[in-house]
Structure formats: structure tokens, C-alpha cells
Trainee: 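I am attaching a structure below and will ask some questions about it afterwards.
Just so you know, these numbers use all the heavy atoms, side chains as well, and skip hydrogens, waters and symmetry mates. None of these values were measured; they are calculated from a predicted model. Convention: sequence-line order gives letters A, B, ...; per-chain numbering from 1.
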Amino acid sequence: MNMKVNLAGVELNNPVMTASGTFGSGEEYSEFVDLNRLGAVVTKGVASIPWTGNPTPRIAETYGGMINAIGLQNPGMDIFIERDLPFLKKYDTKIIVNVCGKTTEDYIEVVERLSHEPVDMLEINISCPNVKEGGIAFGQDPKAVEAITKEVKKYAKQPVIMKLSPNVTDITVMAKAAEAGGADVLSMINTLTGMKIDVNRRAFAVANKTGGLSGPAIKPIAVRMVYQAACAVRIPIIGMGGIMTAEDALEFILAGATAVSVGTANFVNPYATTEIIAGMKDYMVKYQIEDINELIGAVR
Amino acid sequence: MNMKVNLAGVELNNPVMTASGTFGSGEEYSEFVDLNRLGAVVTKGVASIPWTGNPTPRIAETYGGMINAIGLQNPGMDIFIERDLPFLKKYDTKIIVNVCGKTTEDYIEVVERLSHEPVDMLEINISCPNVKEGGIAFGQDPKAVEAITKEVKKYAKQPVIMKLSPNVTDITVMAKAAEAGGADVLSMINTLTGMKIDVNRRAFAVANKTGGLSGPAIKPIAVRMVYQAACAVRIPIIGMGGIMTAEDALEFILAGATAVSVGTANFVNPYATTEIIAGMKDYMVKYQIEDINELIGAVR
Amino acid sequence: MGKIKITTTVLSQDRLADGVYSMWIDAKEITDQAKPGQFISVYTGDSSKLLPRPISICETNQNKGHLRIVYRIAGEGTEEFSHYKAGDQVIIMGPLGNGFPLEAGASGKKALLIGGGIGIPPMLELAKNLSGTKQMVLGYRDELFLNEEFLPYGDTFLATESGSAGTRGNVMDAIREHGLQSDVIFACGPTPMLKSIRAYALENQIECYLSMEEKMACGIGACLACVCKSSEKDEHSMVHNKRVCKDGPVFKAKEVEF
Amino acid sequence: MGKIKITTTVLSQDRLADGVYSMWIDAKEITDQAKPGQFISVYTGDSSKLLPRPISICETNQNKGHLRIVYRIAGEGTEEFSHYKAGDQVIIMGPLGNGFPLEAGASGKKALLIGGGIGIPPMLELAKNLSGTKQMVLGYRDELFLNEEFLPYGDTFLATESGSAGTRGNVMDAIREHGLQSDVIFACGPTPMLKSIRAYALENQIECYLSMEEKMACGIGACLACVCKSSEKDEHSMVHNKRVCKDGPVFKAKEVEF
Ligand SMILES: Cc1cc2nc3c(=O)[nH]c(=O)nc-3n(C[C@H](O)[C@H](O)[C@H](O)COP(=O)(O)OP(=O)(O)OC[C@H]3O[C@@H](n4cnc5c(N)ncnc54)[C@H](O)[C@@H]3O)c2cc1C
Ligand SMILES: Cc1cc2nc3c(=O)[nH]c(=O)nc-3n(C[C@H](O)[C@H](O)[C@H](O)COP(=O)(O)OP(=O)(O)OC[C@H]3O[C@@H](n4cnc5c(N)ncnc54)[C@H](O)[C@@H]3O)c2cc1C
Ligand SMILES: Cc1cc2nc3c(=O)[nH]c(=O)nc-3n(C[C@H](O)[C@H](O)[C@H](O)COP(=O)(O)O)c2cc1C
Ligand SMILES: Cc1cc2nc3c(=O)[nH]c(=O)nc-3n(C[C@H](O)[C@H](O)[C@H](O)COP(=O)(O)O)c2cc1C
Ligand code: FES
Ligand code: FES
């Protein structure tokens with residue numbers, strides 16, 4: 001049985017990776033799962049300098065989901081490279097660094113700095129709903145998507161994944177813009193902008209007022225967007241948004257994703273990633289699928 | 001204690017109404033709830049002629065929600081006026097007719113025909129994700145939103161509610177366009193476009209491939225949009241999307257909605273609407289709120 | 001009274017065959033009004049699942065107000081139901097749908113009751129309530145269930161795909177093998193079975209009623225999720241789309257199109 | 001071993017006061033490693049609620065591998081927990097967080113253990129495990145709970161807002177009333193209480209440890225949801241944001257800012 005998939009020349013042992021920001025840099029979850037068994041670890045967003053993030057409360061639970069407004073707190077690229085990267089290098093898994101920034105220059109600074117580091121791919125987050133500048137502002141305008149992709153590609157030594165925002169009228173426009181800019185891979189979806197009000201305290205549940213909605217609640221929107229994008233572009237897609245089970249992961253693959261990321265599910269079940277890999281194998285045995293690649297985009 | 005709210009001159013006994021398409025024309029649910037107790041009944045979409053709708057399966061369950069692709073099956077305005085309207089007139093509740101069409105002319109035909117009928121308000125559905133023409137196509141372009149609002153307003157004798165689509169990058173742009181076109185009230189949100197794939201049958205779960213996602217899963221997105229729109233326009237807003245409980249309804253009101261619609265919850269609990277009204281009263285008693293209007297947009 | 005949604009008590013749960021369960025529920029409010037061929041909506045206790053599961057009424061004990069459903073584990077909802085034990089709570093709504101027209105199989109009429117797989121349960125309440133002569137044809141993949149409970153009501157013929165009991169093949173094969181004749185047919189089962197019964201009945205001009213299945217949301221006729229193509233205009237929208245939950249689930253064979 | 005998530009069994013459930021419950025859970029994998037001041041994540045059985053509820057370890061029986069939590073009904077999750085009966089399943093993860101530094105209250109030291117409301121439970125396991133001299137100050141709104149269980153470990157002073165028992169007022173009022181002196185303070189309770197204890201300790205230069213609270217998602221330090229402002233740079237991001245779930249919940253008073 002073959003579980004290996006190929007993302008722009010990078011071969012993953014299996015299609016299951018972690019979703020940025022939900023798995024730290026892998027260390028905390030390594031108490032629960034063997035990182036060697038993951039297709040890739042995608043890190044929390046890394047900026048050129050340390051970011052403080054938003055005030056608390058930063059999260060709120062919603063029906064079948066959660067809202068977060070962490071605001072991309074991170075130690076910056078220097079500490080990431082000194083501390084987290086060596087930790088990850090100990091494992092036989094691919095390393096994908098999620099990159100965030102406020103300006104194009106910020107992104108390029110990180111991309112350049114990482115170009116000589118043992119990082120397999122870069123995921124450019126142009127879709128964070130929780131920061132005032134950068135983030136989502138880039139991800140909602142096709143011209144900006146294309147421009148930033150082009151810039152990043154100029155400096156990147158590793159394949160570039162552009163992470164798209166679902167908070168747009170037409171995801172195919174953004175997917176095509178990233179492709180036109182030279183993106184090697186797309187990942188989607190980042191969180192949907194949401195809000196929760198605590199009716200008893202009569203106040204916003206997260207200090208930032210709005211936050212990003214994730215979890216199984218959003219899966220149907222994510223699957224739809226992956227399907228639409230897969231029909232619109234030729235580059236591979238990493239699908240995510242609410243994956244809790246092997247069936248959920250397979251839904252994204254059947255819709256056209258080459259790989260998948262598991263995010264919020266880690267909070268519900270720290271063993272989620274490896275259980276999903278096991279469940280996908282069971283499915284392949286049950287339906288006599290020799291190669292996972294047969295399933296990519298198989299429902300049309 | 002005052003539960004009455006005012007929508008463009010129409011006074012509702014309380015802010016709780018039904019969401020179009022989830023309550024038929026009230027008859028089926030009248031076995032469970034006393035329609036006299038509802039602020040208003042909003043009918044299923046009515047077109048100028050009968051519409052057949054989409055092939056089955058038309059619905060699929062999702063985590064905390066459901067996808068529907070009914071495709072606006074309806075008997076057309078003549079039968080509606082002959083049969084459903086007299087039924088609704090027997091009750092002491094406001095009647096809001098949801099209007100659908102494929103072209104501007106279609107909408108106008110229904111609006112004109114209803115202008116002399118005992119209908120309290122018209123809700124113009126420019127946001128249905130399940131029909132090829134009309135529907136969402138209008139609702140995703142601010143120029144089209146403004147233009148169709150203007151046209152409808154020319155012929156409407158009743159106040160006009162424009163029902164907005166959440167499948168847009170910026171809801172405030174659409175809200176302002178409707179306001180500029182002369183809308184009296186806004187209602188939001190219609191369903192989010194979603195997809196479900198049955199991994200065992202390896203096929204789309206609804207025949208139409210995509211459908212509209214509704215239910216508690218989408219509530220945080222809906223609350224956020226109501227909040228954003230309420231900050232952007234002066235006209236009142238009817239909030240909906242995943243309301244299951246009195247607390248949910250109050251969340252929308254605190255975010256800026258003057259009234260709320262209950263949709264998918266009816267399928268989960270046919271008594272939902274009246275239970276929500278009772279729960280809102282309990283809340284007002286508990287927190288000594290004399291007038292529900294005090295709560296509208298109270299969290300900022 | 002009319003339809004009602006209640007939280008009530010499971011009286012017993014039994015496993016009839018691999019993945020097939022029988023549950024008795026305390027539901028006087030529903031049995032008082034229920035007719036053969038009607039169904040109930042069963043709600044799961046899992047709040048991530050919003051929609052009710054439509055399950056046919058298999059039997060009622062009107063005196064005691066007890067209602068029986070027999071169901072197959074088809075997914076997470078029915079899996080959950082199968083774990084309920086006597087004394088547990090269950091949330092149901094009903095009675096829903098139209099039911100079979102008993103007059104069509106009244107005294108003097110010879111009725112053929114055909115059930116396929118998990119379409120067999122509703123035929124039991126029908127068999128108990130039809131006053132005419134009855135013959136039953138029950139089709140299974142392999143393992144039998146409920147068949148012995150039909151014996152008091154008339155001759156019961158079996159068909160199994162595996163050939164382990166009765167005619168090897170489907171219900172139509174059993175009908176042919178035994179040369180069964182009738183004035184009226186009542187049937188419930190998988191779509192391919194209903195299709196061939198429909199063709200057989202139309203060809204032989206036998207009055208025929210089919211119980212249909214479709215995905216549902218409201219279960220009471222309001223949402224228009226569960227329509228099937230009909231030759232007549234439907235009462236609701238007049239577009240040849242009858243609602244399985246309200247206009248059905250039982251339709252005249254010539255009325256529906258597949 | 002390390003942290004673990006397990007589905008295990010409720011051993012007993014008791015109501016201690018209005019809305020306050022005590023639950024013993026079978027959890028040897030966790031008690032083997034647990035320290036006073038650590039907490040566990042308790043998951044609800046309701047699939048619409050994804051996130052775990054952090055609850056302090058109130059007591060452990062290391063021999064038997066039993067773990068006790070005492071909690072107040074604050075919303076739907078804790079409401080659900082309160083309905084669990086002996087024999088029911090409960091899903092927990094732990095042990096989480098750093099716990100109180102026992103050496104700070106070792107033999108020869110005089111420790112003041114201050115608990116406010118639902119911050120009282122973790123002080124019990126601490127009282128049992130500190131080798132130094134202990135005095136307890138427990139603050140309540142009105143109804144008492146757990147207070148008698150502290151008696152074996154030292155003098156226990158009460159404060160109630162209603163004045164129904166002990167000092168009328170809060171824990172600081174009780175400390176002043178009794179002129180309590182100490183080398184080290186350990187405290188857990190509502191933020192305003194922690195704020196005034198912090199001010200008191202800094203002013204009087206008493207070593208002081210506070211157990212903090214914040215909304216959590218992962219519970220293990222990965223998501224950065226649960227940070228509190230710290231005077232030192234935090235280990236993770238070096239931005240003065242310590243993680244309550246991993247760097248805490250126990251912090252030196254001078255280390256945290258409110
Ligand atoms: C009128 C009617 C009577 C029925 N009577 C019986 C009966 O007596 N015994 C029995 O075992 N089954 C019966 N069924 C089928 C039964 O409704 C489904 O097997 C059940 O809903 C599956 O639910 P699940 O959660 O286990 O499966 P899932 O596949 O997880 O369900 C997902 C969703 O699809 C719906 N769904 C799945 N299969 C069907 C289906 N075949 N028909 C309608 N909705 C479906 C579910 O209700 C749910 O909303 C009947 C169906 C209808 C329409
Ligand atoms: C380290 C730590 C230890 C705690 N120990 C105890 C204890 O021993 N006994 C006890 O009764 N309570 C304790 N709490 C508070 C307890 O976590 C909350 O009361 C509980 O999570 C409420 O859940 P709910 O579903 O009932 O309320 P809801 O308000 O419905 O919960 C909604 C969400 O908010 C979170 N939340 C709500 N209140 C709090 C809170 N105060 N702190 C953190 N998250 C919250 C919930 O976990 C959930 O994710 C502790 C909190 C922390 C951080
Ligand atoms: C707490 C939290 C933090 C996140 N941080 C990041 C981030 O730093 N960079 C990023 O690109 N996405 C971030 N995301 C988005 C996730 O990577 C993912 O796109 C989204 O949560 C949808 O997947 P899920 O439903 O499986 O969680 C974060 C999500 C959560 C819940
Ligand atoms: C089965 C179904 C049918 C619907 N039909 C219509 C319709 O005819 N016209 C319309 O404007 N909205 C229609 N809607 C959208 C609802 O009115 C509402 O905007 C949406 O479902 C969100 O609310 P909810 O989450 O409470 O269901 C329909 C929704 C559902 C679930
Ligand atoms: S299920 Fe709603 S009309 Fe049949
Ligand atoms: S809860 Fe995730 S870091 Fe503390």
C-alpha cells in the first residue's frame with residue numbers, strides 16, 4: 001500500500017500533516033505522538049522578530065468549533081532557527097515553516113533567512129484574520145496575492161505554499177492569483193472570521209472581538225473551497241478545516257487535496273494525527289486501494 | 001416588559017420570526033407552535049411561476065449543521081396568494097414573503113403582484129447558493145445589489161428586506177449597497193456554500209454537489225457579519241444563522257440585530273421558536289431588562 | 001392530537017440479526033394515532049448531529065401504548081440507538097407520513113405484502129391490521145429476522161440472495177417461483193426492488209402501494225428536502241414532486257417515478 | 001511516562017454545597033506523576049463542545065491511583081460533569097502544568113495557604129504534601145465546603161462575604177484580623193483576590209506563589225491561548241507572555257502582572 005504523496009517535488013511519507021499554530025513546533029505534542037509518523041510538521045507562524053500577540057481571552061468555544069485570536073505570538077526567526085528547528089531535525093518527517101509578516105519585506109526577511117536552513121517547504125500565511133496589518137489583508141485581494149507570491153518566490157529556496165483565506169467571495173480567483181504568482185502549492189483554508197458574544201457578561205468572548213473560526217463546524221466550507229480550487233488550478237493543494245477523523249481527511253483528498261492538515265482536532269484529541277493515518281490505512285485496505293494517489297480528486 | 005420591536009414601521013409582537021424555507025408557509029409547524037405567538041412568519045421563497053427545485057438528495061447532515069440544495073421549489077405566486085396567504089391571515093402575526101427570481105423582472109413580477117395583498121413585508125432573496133441564475137449571483141456584486149434593490153423599491157408597496165449572502169469578502173460593502181439602493185431592512189445571513197462527500201459511496205452527498213450550510217456551526221460567522229453590518233448601516237437588521245436557543249437569539253440582538261430568524265433549529269426541535277421567545281423573557285426578567293430594544297447593539 | 005415530539009423511555013432492546021435491532025419504546029401519545037406504514041423521527045443524543053432519523057413503525061401495542069421499531073445500523077445515528085438499554089431516554093417525533101391504505105386490503109381482497117431487507121419491519125404492523133387474506137414475501141441478503149413473526153397472519157415466502165433460506169434470489173424470484181397471485185400489493189424495500197415490483201404491478205394491472213425512502217430534514221412536509229418524482233402534480237408546489245415525509249412514504253405505484 | 005489522555009471511570013460523585021461537586025476518578029497513570037497545584041483537562045461527552053475543561057487536582061490517593069476534583073457548575077461542561085455517577089466514563093488528560101514548589105514550604109518554613117471559592121480545592125493536596133508548618137485561610141461567598149478537610153493539616157481560618165462563618169469579608173480581612181504571619185504564601189482564587197495577595201506579599205516581602213486561570217485550548221503549551229503577562233521573558237516566545245497551562249498555572253507573585 002502506498003501512502004506517499006508528492007508536493008512540488010517534496011515526498012511525504014503520508015499525506016497527514018499538522019495545521020500551523022495548533023501544534024507549536026511539535027515539541028509539546030511529541031509527548032503524545034511519534035513525530036516520525038507524520039507526513040510533515042507545519043510550524044506556528046514565524047515572523048522576522050518576536051510578536052507579542054493579542055490580549056486574552058484569546059479563544060472561545062463555539063458549537064462544533066472554536067474561535068481563536070492568538071494574534072500570531074511567536075519568538076521570531078532567530079530563536080526558531082536556534083531552538084525549534086534542531087528539535088524538529090531529529091525526526092524523520094518533513095518540516096514546513098509557516099511564515100507571517102506585516103509587510104512584504106517582513107515575509108521576505110524570513111524567507112531569505114530560512115533559505116539556507118534545513119527546511120523542506122515554506123507556507124506563507126496571507127490569511128490570518130487576527131492581525132491588523134498583513135495577514136488577511138493580503139489574502140483578500142487577488143492582485144496582492146499574486147504580487148506577494150512573486151516576491152516570495154524570488155527569494156525562496158524551498159517550494160512555496162500559499163495559504164489562502166476562506167473569507168473571500170470566490171476562492172478560485174485567489175487560487176489562480178497565487179498560481180499566476182508562481183506558488184508551488186496552495187493550502188486552504190485558514191480560519192473564517194467569527195465572533196462570539198457572552199450574553200451573561202454582555203461582552204465579546206475574545207478580547208480581540210473577532211477571531212478565526214476553526215474545527216469540524218467549518219469542514220463543509222473547506223471541502224467546497226478545496227474542490228473549487230482543485231478544479232481551477234494545476235498545482236497541488238493541502239486541504240484543512242475541521243478534520244477530526246480519517247473519513248474527514250479522505251473527504252478532502254477525494255475533493256482534490258494531495259495532503260491534509262489537522263488543526264483543532266489536536267486540542268480535542270492529542271493523538272488525532274496518528275489515529276487519522278491509521279484510519280486512512282484501514283479505509284485503503286477495506287476498499288482495496290493500492291495507492292492513496294488514486295483517491296486525489298476522485299469525486300468529480 | 002416590552003418585547004415589541006419595530007422594523008421599518010412594522011411593529012412585531014416580539015423579535016422572533018421564522019427563517020425562510022425552514023417553516024414552509026407555517027401550516028405544517030402550526031401543529032407544534034401557536035403561530036400567534038411568533039413575531040412574524042417568513043415564507044419559503046415565492047417565484048412568479050412554480051419552480052421544480054433540484055434533484056435529490058437535497059440535504060446532508062454535517063457536524064453541527066446541514067447542507068441543503070432544495071433549489072427553491074415553490075408553487076409560484078398565484079397558488080401562494082390563493083392558498084397560503086389566507087391561511088396565514090388567520091393568525092395575529094406579521095407576514096413576510098420571501099421573494100426569489102432568476103432575473104430582475106422575475107423579482108419585480110412577484111413584488112408587483114404582492115403589492116395589493118395583505119403582506120406586511122417583502123424579503124428579497126438575492127443570496128440563494130442553490131440556483132444557477134439569480135440568487136447568489138446578485139448577492140455577491142455590490143452594483144447588482146444596489147441596482148436590484150432600487151428596482152424592487154420602485155414597485156414595492158411594503159417595506160423591503162434585502163437578504164444578504166455571507167459568501168462575500170466584505171459584508172459591509174453589500175450592506176451599504178443595499179442601503180444605498182433604498183432597502184428598508186437587511187436580513188443576514190443566508191447559507192454559506194458548502195460541500196459534503198460521502199467517502200464510502202465516493203460521491204457527493206447532495207445531488208447538486210454544493211449546497212447551503214446552515215445550523216449552529218455557522219453562528220459565529222453570522223454574528224460577526226451582523227455586528228459588522230450594524231456598525232456600517234443605519235437601517236435595521238434581522239439576524240439569523242444557527243439560532244437554537246434564547247441565548248443564541250440574544251447574541252444576535254446584542255450584536256446589533258433588531259429581530260432574529262430561526263431556521264434549521266425547527267428541524268431539530270419543532271417547538272424551537274416559542275421556546276426561544278420564552279427563554280428571552282426569562283433572560284429579561286433575570287437581568288431586569290424592561291425593554292428588549294435596550295439590548296439591540298448593546299455590545300460594542 | 002396530531003404529531004408530537006417527546007422524550008420517552010426505551011422499554012427493551014434486542015438484537016435480531018447481525019446489525020439489526022428491535023427496540024420497544026413507551027409512546028402512548030404516538031401509538032394512539034399511529035397507522036401501519038407511518039414512521040417516527042428518532043433524534044440522536046449527540047448534539048453534533050442535528051437531523052432526526054426516520055424509522056418505520058414496526059409494531060404497536062395500542063393498549064399499553066408501546067411502539068416497536070426494527071432497524072439496521074447504517075451509520076452513527078443507528079449505531080447510537082443500538083446501544084440504548086431499557087430505561088434509557090429516547091427522543092422521538094410522530095406519527096409521521098400517510099401510512100398504507102387499509103381499505104385496499106380489506107376483507108375479500110387478497111393482498112401480497114412484500115418486504116425487502118430493512119423494508120420488512122413496517123410490513124408486520126400492516127399484516128396485523130389488514131382484514132383481507134394475506135401472503136407475505138420477505139427478501140433477505142442472507143440472515144433472516146422478523147420472518148417468524150409474520151406466520152400468524154398468512155403464508156410467508158422467503159427469498160435470500162445467498163440461497164440460505166427460501167428461494168435463491170430476490171422477492172420477484174420468490175413470487176414467480178410460487179406463482180403468487182393477488183388483488184393488491186404493498187411493498188417496502190430498496191429502490192431496485194421497488195422498481196421491479198412497480199413494473200410487475202403495472203404490467204399485470206395489480207393495485208400496488210410502495211413505501212419510499214429519501215433523506216429528510218423536517219419530517220413534516222415543510223422543508224421540501226424529501227421529494228420524489230410523481231406523475232400527478234404534488235399538492236404543495238404542483239411540480240410533480242411529492243414529499244415522502246408528508247404525501248408519503250406510501251405512494252400508489254403508478255404515481256411515482258424512479 | 002508523561003502526560004496522557006485516558007477514558008476512565010468515575011468512582012464517586014458528591015455534592016458539597018450548592019453547585020459544588022466532588023468527584024473521585026480512577027486514574028493511576030495520572031496520580032503516579034501528579035504534584036499539588038497541577039490540573040487535569042476534563043472533556044465533555046457532548047460532541048458539540050470540543051475543548052477540555054481545566055480542573056485542579058484536589059486530592060490524590062497515590063496507592064489506589066485515585067484522583068479527586070472539586071468543581072463548581074459554571075456552564076454546560078461542568079453541569080454535565082455533575083451528572084456523572086459512579087461507574088460512568090470520563091475522559092481526562094493530565095497531569096498538566098507545573099504545580100506548587102514544595103521546597104518553598106519545606107520543614108522549618110511557615111506557610112500560608114490561601115484559597116478563594118473554587119480556588120480552594122488545589123490547596124488541599126498542597127496542605128497534605130507541604131512538610132513545613134501550615135496555616136490555611138479559606139474564603140467563601142457564604143456556603144462552606146472542604147474546610148473541615150483542612151483541619152488535620154493546621155489552623156484553618158475562614159472568611160465569608162455574608163459573615164455566616166469566620167471573618168466577614170475576604171481572605172485578606174481574615175489575615176489581618178488574625179494577624180497571620182508567614183514565610184511563604186501559596187494562593188489560588190479569583191483574580192481580584194490574587195491581585196490583593198500579590199500586593200500584600202510584595203509589600204511585606206513575603207515569598208508568594210499564585211495559581212492563575214485563563215481560557216485554554218490545548219492545555220499543554222502548544223497553542224498560546226492561555227498566556228498571562230509576565231515580568232520575565234517567557235521561555236516560549238520571549239515576549240513576556242507565560243503560558244498558564246505549561247509555565248504555570250503556578251507563578252511567583254512578582255513574576256505575573258494583572
Ligand atoms: C420513511 C422511512 C422509513 C425508514 N424506516 C426504517 C426502518 O424501519 N428501519 C431502518 O433500519 N431504517 C429505516 N429507514 C432508513 C433510516 O432512516 C436510515 O438508515 C437512518 O436514517 C440512517 O441513520 P444513520 O445516522 O445511522 O446513518 P448516516 O448515514 O450517518 O446518516 C446521515 C444522515 O442521512 C440520513 N439517512 C441515511 N440513510 C438514510 C436512508 N436510507 N433514508 C433516509 N435518510 C437516511 C440520516 O437520517 C441522517 O440525516 C427509513 C427511512 C425512511 C425515509
Ligand atoms: C488551571 C485551572 C484550574 C481550574 N481548577 C478548577 C477547579 O478545581 N474547580 C473548578 O470548579 N474550576 C476550576 N477551573 C475553572 C474551570 O476550568 C471552569 O469553571 C470550567 O472550564 C467551566 O466550564 P463550563 O463548560 O462549565 O463553562 P462554560 O462557560 O460553558 O465554558 C466555555 C468555555 O470556557 C472555558 N472556561 C470557562 N470558564 C473558565 C475559567 N474560569 N477558566 C478557564 N476556562 C474557562 C471552558 O473551559 C470552555 O472552554 C480551573 C481553571 C483553570 C485554568
Ligand atoms: C489556535 C490556532 C492558531 C492558529 N495559528 C495559525 C498560524 O499561526 N498560522 C496559520 O497559517 N494558521 C493558523 N491557524 C489556522 C490553522 O492552521 C488552520 O488553517 C485552521 O485552524 C483550520 O483547520 P482546523 O479546523 O483543522 O483547525 C491557527 C488555528 C488555530 C485554531
Ligand atoms: C432547507 C432550507 C431551505 C431554505 N430556503 C430558503 C429560501 O427559500 N429563501 C431564503 O431566503 N433562504 C432560505 N434558506 C436559508 C434560511 O432562511 C437561513 O438564512 C439559513 O438557513 C440560516 O439560518 P439557520 O442556521 O437558522 O437555518 C433555507 C435554509 C434551509 C436550511
Ligand atoms: S423532510 Fe422536510 S418536507 Fe419532507
Ligand atoms: S492552552 Fe494552549 S498554550 Fe495553554
Trainee: Does a sphere of radius 6.0 Å around CD in D:Glu80 hold more than 12 heavy atoms from other residues, nucleotides or ligands, not counting ones at 6.0 Å or beyond?
Mentor: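 Above 12, so yes.
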
Trainee: Looking at CZ of A:Arg83 and CE of D:Met238, how far apart are the two atoms once the value is rounded to the nearest 0.5 Å?
Mentor: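 Result: 5.5 Å between the selected atoms.
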
Trainee: Select one option (side chain, backbone, both, neither) describing which atoms of A:Tyr271 are under 4.5 Å from chain D's heavy atoms.
Mentor: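 Interface part for A:Tyr271: side chain.
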
Trainee: Relative to chain A, which segment of D:Lys246 carries a heavy atom at a distance below 4.5 Å: side chain, backbone, both, or neither?
Mentor: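 Only the side chain of D:Lys246 comes within 4.5 Å of chain A.
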
Trainee: Calculate, to the nearest 0.5 Å, the distance between atoms OG1 and CD belonging to A:Thr56 and D:Glu213 respectively.
Mentor: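 Interatomic distance, A:Thr56 OG1 to D:Glu213 CD, rounded to 0.5 Å: 11.5 Å.
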
Trainee: So, does A:Glu28 use its side chain to make a donor-acceptor pair with the main chain of D:Ala222 at under 3.5 Å?
Mentor: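 No, the answer is negative, given that no donor and acceptor are paired below the 3.5 Å cut-off.
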
Trainee: Verify, without hydrogens or angle tests, whether D:Asn241 (side chain) and A:Thr52 (backbone) share a donor-acceptor contact under 3.5 angstrom.
Mentor: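 Flag set: sc D:Asn241 to bb A:Thr52 pair under 3.5 Å.
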
Trainee: Measuring heavy-atom distances to chain D, does A:Asn269 have an atom under 4.5 Å in its side chain, in its backbone, in both, or in neither?
Mentor: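 Answer is both: backbone and side chain atoms of A:Asn269 are under 4.5 Å from chain D.
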
Trainee: Once rounded to the nearest 0.5 Å, what's the spacing between atom NE2 of D:His236 and atom CD1 of A:Ile79?
Mentor: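 Between atom NE2 of D:His236 and atom CD1 of A:Ile79 there are 10.0 Å.
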
Trainee: So among A:Val268, A:Ile59, A:Thr62, which one has a side-chain contact (heavy atoms from CB on, under 4.5 Å) with D:Leu51?
Mentor: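 For D:Leu51, the side-chain contact (heavy atoms from CB on, under 4.5 Å) check succeeds only for A:Ile59.
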
Trainee: Please identify, among A:Gly76, A:Gly65, A:Ala265, the residue contributing the most non-hydrogen atom pairs under 4.5 Å to chain D.
Mentor: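 Winner by heavy-atom pair count: A:Gly65.
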
Trainee: Would you say that more than 12 heavy atoms from the other residues, nucleotides or ligands in this model lie under 6.0 Å from the NZ of D:Lys254, or not?
Mentor: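 Open.
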
Trainee: Using non-hydrogen atoms only, which part of A:Thr264 is less than 4.5 Å away from chain D: side chain, backbone, both, or neither?
Mentor: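 For A:Thr264, side-chain heavy atoms alone lie under 4.5 Å from chain D.
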
Trainee: Measure the spacing between CD1 of A:Ile70 and SG of D:Cys223 and express it to the nearest 0.5 Å.
Mentor: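 Reported to 0.5 Å precision, the distance equals 5.0 Å.
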
Trainee: Answer with side chain, backbone, both or neither: which region of A:Asn74 has an atom nearer than 4.5 Å to a non-hydrogen atom of chain D?
Mentor: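 When you check distances to chain D, only backbone atoms of A:Asn74 fall under 4.5 Å.
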
Trainee: With chain D, which of A:Lys44, A:Glu27, A:Met244, A:Arg58 has the greatest number of heavy-atom pairs at distances under 4.5 Å?
Mentor: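 Looking at each of A:Lys44, A:Glu27, A:Met244, A:Arg58 in turn, A:Arg58 comes out on top.
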
Trainee: Salt bridge check: are A:Glu61 and D:Arg53 linked by an N-O gap of less than 4.0 Å?
Mentor: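 Yes, charged N to carboxylate O under 4.0 Å.
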
Trainee: Non-hydrogen atoms of chain A under 4.5 Å away: do they reach the side chain of D:Asp234, the backbone, both or neither?
Mentor: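 For D:Asp234, the side chain is the part near chain A, not the backbone.
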
Trainee: Heavy-atom distances under 4.5 Å only: say whether A:Tyr63 touches chain D with side chain, backbone, both or neither.
Mentor: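 Answer is both: backbone and side chain atoms of A:Tyr63 are under 4.5 Å from chain D.
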
Trainee: Measure D:Ile4 against the heavy atoms of chain A and call it side chain, backbone, both or neither at under 4.5 Å.
Mentor: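 Looking at D:Ile4, backbone and side chain both touch chain A.
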
Trainee: Which bit of D:Met93 is near chain A, if near means a heavy-atom gap under 4.5 Å: side chain, backbone, both or neither?
Mentor: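 Contact with chain A involves the side chain of D:Met93 alone.
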
